[in-house]
Structure formats: structure tokens, C-alpha cells
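One structure below.
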Amino acid sequence: GENVEQHPSTLSVQEGDSAVIKCTYSDSASNYFPWYKQELGKGPQLIIDIRSNVGEKKDQRIAVTLNKTAKHFSLHITETQPEDSAVYFCAARSSGNYQLIWGAGTKLIIKP
Amino acid sequence: GAGVSQTPSNKVTEKGKYVELRCDPISGHTALYWYRQSLGQGPEFLIYFQGTGAADDSGLPNDRFFAVRPEGSVSTLKIQRTERGDSAVYLCASSLEANQPQHFGDGTRLSIL
């Protein structure tokens, strides 16, 4: 079955700098890749997603890139702000399947 | 409210007891999912409903776990003879249709003493 690996597990960046989180997946049939932000005591919040027919998607300071050949996708956050501090999860979903397979999460710390 | 609602937010019970966790999805969402999240890990899939039927229950760990969605809206996750290893945050998500983005509630934090 699908396996998703995520790194780094912790990322500390200076406020205003960019942050990049990377994920790899194993199932070539995966075609949907969401990213979630989870704050302490809250449920995961969808921040951006990408489907396999697109290589890049951007929404203000957040962007996601997908490399189907290498089976990896990345989250890019520019001009980081203190409120970006949270745990970020990547996930993948295979065609014909409806469950999300999740990475282990990245704790993003924005230093003032 | 506009989002997925889960109750209770916290549940503490003794080993061996029975528990029910409730999920109220976003109005009009036909698909509903249950996940379990242990500390420091990503969520793990438990079960997916399309309408009233469980379309995929492959993630339920054993027969102590059961879930229902009798009217295609609210869902209840039921755990019998709870064990300490069942302690986790149980998350519910819903989507408009099965291939649409999943939106999560804040979860129920279950602690088995």
C-alpha cells in the first residue's frame, strides 16, 4: 500500500524567511496530495492541495509543487509569520481510494 | 456551525468500558471519514462512509470498533471493552463527495485509564 514520508520533522526559520517541507510517496497511482496545518488542540486544517495533472499550485504565500516522476511533492511558505507556527502534514490519496495516507508531520517554528 | 462538530471534546474512562464518539459533518456532505491520531503522528484512517453505508472499514483495528451513520448525516464511532492502547485523538472529516477535499473537526481526545 501507499507510504508517505515527510521531512524534516522539525523546521525552525527566522520570521520573514521561507520554509520548505518535502514529502515522498510510494504508490504511483496516487493522484491527490493535500497539505494540512494543525495547531495544538485543533483538528487538521486544509491549506492547499494539488492533483496529479498539475505541477504547481499557488495561493498567496503558500505554494505546492509536484514531481510525479520522482514521486515527491513539497510545500513552500514565503514571508513566514509567527502565526505560521504549527505542525504541517502532507498526505496522499490513490485513485479509486478515498482514505488519506499521511506523513508524520513537520513542526514549523517561526523565530521572531 | 459551518464546520465539522465532534462531541465530546474530551472523554476519560476506565479500561473495559464502552464509549461512543459523535461526529456531525458539514451540512450536505455525503462522505464521512474517521481517523485516529496518536501523539506526534499523522492521522490513521479507520473507516469511510458514503451516505449511510460503510464503503471502506479496512482501517478499523479489530472488532471492538464499530461505526454507524444511520441517516447519512451524524455518525457515531463505538468502542467496546476499551484498552489503554485505544487512547488517542479520534478525528472525523467530511467531504461534499468522496473525491473532494476532506474537512476535519477538532477531534475527541480519548483517554483510557
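Within every chain, numbering begins at 1; the chains are lettered A, B, ... in the order of the sequence lines, protein sequences first and strands thereafter. Owing to the predicted nature of the structure, the values given are computational and were not obtained by experimental measurement.
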Open item on the list: Quick check: do A/L100 and B/P43 have side-chain heavy atoms less than 4.5 Å from each other?
Closed with: no
TODO: Assess whether atom CG of B/L39 is packed by more than 12 heavy atoms of other residues, nucleotides or ligands within 6.0 Å.
DONE: no
Open item on the list: Does B/F66 have more than 12 heavy atoms from other residues, nucleotides or ligands lying within 6.0 Å of its CZ?
Closed with: no
Answer yes if [X] and [Y] sit in the same cluster of Ile, Leu, Val, Met, Phe, Trp and Tyr residues linked by side chain heavy atoms under 4.5 Å apart, and no otherwise.
| X | Y | value |
| --- | --- | --- |
| B/L60 | B/V19 | yes |
| A/V87 | A/V64 | no |
| A/V54 | A/L66 | yes |
| A/V4 | A/I48 | yes |

- [ ] Identify the two heavy atoms, one from A/P44 and one from B/G105, that lie closest to each other, and give their separation to 0.1 Å.
- [x] CD-O, 4.5 Å
Task: For A/G43 against B/L91, the heavy-atom pair lying closest together - done: CA-CD2, 4.2 Å
Step through the atoms of chain B and chain A and list each donor-acceptor pair whose separation is under 3.5 Å.
| from | atom 1 | to | atom 2 | distance (Å) |
| --- | --- | --- | --- | --- |
| B/Y35 | OH | A/L100 | N | 3.1 |
| B/Q37 | OE1 | A/Q38 | NE2 | 3.0 |
| B/Q37 | NE2 | A/Q38 | OE1 | 3.0 |
| B/D56 | OD2 | A/Q99 | NE2 | 3.4 |
| B/N99 | O | A/R51 | NH2 | 3.1 |
| B/N99 | O | A/R93 | NH2 | 3.1 |
| B/Q102 | O | A/Y36 | OH | 2.6 |
| B/Q102 | NE2 | A/Y98 | O | 3.1 |
| B/D106 | OD1 | A/G43 | N | 2.9 |

Open item on the list: Taking disulfide bond (SG atoms under 2.5 Å apart) as the cut-off, I'd like each qualifying pair that reaches into residues 12-112 of chain A, sequence neighbours left out, listed once.
Closed with: A/C23-A/C90
